[in-house]
Trainee: 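Mind having a look at this structure? Questions to follow.
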Amino acid sequence: MDILTHITGELARTLQRPVEIRSSGALGGGSINAAFLLDTSAGRFFIKLNQAQAAEMFAAEAAGLEELAAAEALRIPRPIAQGVAGGRAWLALEHLELSGPAAPARLGGALARLHRHSADAFGWTRDNTIGSTPQCNTRHSEWIAFWRDCRLGPQLRLAESDGAPHDLLADGERLLEVLPAFFDGYRPQCSLLHGDLWSGNWGYGSGGEPTIFDPAVYYGDREADIAMTELFGSPGAAFYDAYDAAWPRDPGYGVRRTLYNVYHILNHHHLFGAGYGAQAGRMISGLLAEVGG
């Protein structure tokens, strides 16, 4: 059985109706998964493909999308079905048209509403991935411990195994020691986060409805989400104005922004090569200078 036949069979079982393929076509833009658009008698579906061992990654992504959707703050693509066939894991999502007009103010206000959705601990009920890198979400009562043990610490260990320069690793360990200095007078709430909110992971529906997708969900400091919107393409001033009107950022955000984004740069060092090492090193050095480290 070819994979398209398998997928349509599972879609038919899930939707409890016949599913006949009208057309299918590969989609570009992804660096982790292959993707294609499947047009059927039951609607259009966005299909992700990877090796069979990625099945758990897709299961965590589907659970993350459901967690985001439950907050009822933004438009979220609905996961439909998933499985493994022919040595490949797949995930079928509701296909959303994202060619509408940009509405960054609506996105900013909606993100603030998402962040109001809270939990009683930092982390999440399951681990997931950031890109294809495993992301630990062990629940913690203290944010600093979570960021040290589940975010920066694991990335520094990956950097060491990837042969990162000694100075970067030594400064990174020092940064772990002085983390409390960045939170003097600031106590983050446990906010529901998208977790990987760069410009490629948001869009707008036909009426400008803000939509987010490809999450790396967990509960954490909302500043971590906001910081990443400034890392790889910004939604613009209207977004931040609207966010702050709904829930103002703390004055210390400007420094912690780098603390949160260095996690993603270290992850890029791991996924895409040593070219990101120098950037991570500069960011860590700057953070240590901020606190006299």
Side-chain angles (χ1 to χ4, degrees), residues 64-76 103-125 128 130 135-152 155 179-202 210-265 267 283 287:
L65 291 168
E66 290 170 350
E67 189 89 1
L68 293 171
E72 299 183 341
L74 294 115
R75 185 75 170 91
I76 308 294
R106 292 178 64 180
L107 178 61
L111 186 66
R113 290 193 297 275
L114 178 74
H115 289 165
R116 292 286 189 186
H117 194 78
S118 62
D120 58 2
F122 299 103
W124 197 29
T125 55
N128 51 18
I130 181 73
Q135 181 169 259
C136 170
N137 289 322
T138 300
R139 288 159 61 85
H140 284 63
S141 60
E142 296 295 329
W143 172 247
I144 295 172
F146 176 84
W147 195 253
R148 181 191 64 227
D149 297 341
C150 295
R151 292 296 181 266
L152 284 185
Q155 284 293 345
L179 278 180
F182 294 95
F183 296 89
D184 187 22
Y186 175 65
R187 189 172 180 83
Q189 297 184 32
C190 298
S191 292
L192 176 57
L193 306 185
H194 175 280
D196 193 11
L197 199 56
W198 70 288
S199 60
N201 287 345
W202 70 71
T211 302
I212 57 175
F213 41 89
D214 289 349
V217 162
Y218 65 100
Y219 285 83
D221 183 2
R222 63 195 178 103
E223 290 184 348
D225 256 2
I226 305 169
M228 198 179 186
T229 68
E230 299 192 58
L231 186 58
F232 299 118
S234 168
F239 167 87
Y240 302 104
D241 290 345
Y243 187 97
D244 288 338
W247 192 358
R249 287 169 288 176
D250 182 84
Y253 164 76
V255 172
R256 286 187 296 271
R257 169 179 56 203
T258 304
L259 178 65
Y260 293 138
N261 282 342
V262 74
Y263 170 67
H264 297 292
I265 296 302
N267 189 49
M283 294 170 78
L287 287 164

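Residue indices begin at 1 and follow the sequence shown.
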Trainee: Spell out, as yes or no, whether a donor-acceptor pair under 3.5 Å connects the side chain of Ser199 to the backbone of Ser234.
Mentor: no
Trainee: As a quick check of understanding, evaluate side-chain contact (heavy atoms from CB on, under 4.5 Å) for Leu111 and Trp202, giving each step before the final call.
Mentor: CA-CA 11 Å; Leu111 186 66; Trp202 70 71; over 6 Å; no
Trainee: Begin from the C-alpha positions of His115 and Tyr243 and carry the test ring-ring contact (aromatic ring centres under 6.0 Å, His included) through to its verdict.
Mentor: CA-CA 10 Å; His115 289 165; Tyr243 187 97; 5.7 Å; yes
Trainee: Indicate yes or no: at least one non-hydrogen side-chain atom of Glu223 is less than 4.5 angstrom from one of Leu259.
Mentor: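 Not in contact.
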Trainee: Between Arg249 and Ile226, is there a donor-acceptor pair closer than 3.5 Å when you use the side chain of the first and the backbone of the second?
Mentor: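 Absent.
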Trainee: In Å and rounded to the nearest 0.5 Å, what is the CZ to OG1 distance from Arg106 to Thr211?
Mentor: 9.5 Å
Trainee: Examine distances only and state if a side-chain atom of Asn201 and a backbone atom of Asp196 form a donor-acceptor pair shorter than 3.5 Å.
Mentor: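 Pair found, side chain donor or acceptor close to backbone of Asp196.
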Trainee: List the steps and the verdict of side-chain contact (heavy atoms from CB on, under 4.5 Å) for Trp247 and Arg222.
Mentor: CA-CA 10 Å; Trp247 192 358; Arg222 63 195 178 103; 3.2 Å; yes
Trainee: Which residues pass the side chain to side chain donor-acceptor pair (under 3.5 Å) test with Asn128, not counting sequence neighbours?
Mentor: Gln135, Asn137
Trainee: Tell me if a side-chain donor or acceptor on Asn261 pairs with a main-chain N or O of Ala227 at a distance below 3.5 Å.
Mentor: yes
Trainee: Which atoms form the tightest heavy-atom contact between Gly195 and Ile130, and what is the distance?
Mentor: O-CD1, 3.6 Å
Trainee: Which pair of heavy atoms, one from Cys190 and one from Ala121, lies closest together, and at what distance?
Mentor: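 Closest approach of Cys190 to Ala121: SG-C, 3.5 Å.
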Trainee: Do you know which two heavy atoms are closest between Arg256 and Asp250, and how far apart they sit?
Mentor: NH2-OD2, 2.8 Å
Trainee: Check whether any side-chain heavy atom of Ile212 sits under 4.5 Å from a side-chain heavy atom of Leu68, and report yes or no.
Mentor: yes
Trainee: For the backbone of His194 and the side chain of Asp225, can you confirm whether one donor and one acceptor N or O come within less than 3.5 Å of each other?
Mentor: yes
Trainee: Between the main-chain N or O of Gln189 and the side-chain N or O of Asp221, is there a donor-acceptor pair closer than 3.5 Å?
Mentor: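 It does not hold such a pair.
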Trainee: Tell me, with the steps shown, if Arg187 and Trp143 meet side-chain contact (heavy atoms from CB on, under 4.5 Å).
Mentor: CA-CA 8 Å; Arg187 189 172 180 83; Trp143 172 247; over 6 Å; no
Trainee: Given Tyr260 and Arg151, is the side-chain contact (heavy atoms from CB on, under 4.5 Å) satisfied, shown in steps?
Mentor: CA-CA 9 Å; Tyr260 293 138; Arg151 292 296 181 266; over 6 Å; no
Trainee: For Tyr218, run the ring-ring contact (aromatic ring centres under 6.0 Å, His included) check against Phe122, Trp124, Trp147, Phe146 and tell me which one passes.
Mentor: Phe146
Trainee: Over all heavy atoms of both residues, which pair between Pro104 and Pro235 is shortest? Give the atoms and the distance, please.
Mentor: CB-O, 3.4 Å
Trainee: About how many Å separate CG of Leu197 and CG of Leu114, when rounded to the nearest 0.5 Å?
Mentor: 9.0 Å
Trainee: For the backbone of Ala224 and the side chain of Arg257, can you confirm whether one donor and one acceptor N or O come within less than 3.5 Å of each other?
Mentor: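 Not a single qualifying donor-acceptor pair exists.
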Trainee: Do the side chains of Tyr219 and Glu67 get nearer than 4.5 Å, heavy atoms only?
Mentor: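 Of all side-chain heavy-atom pairs linking Tyr219 with Glu67, at least one is under 4.5 Å.
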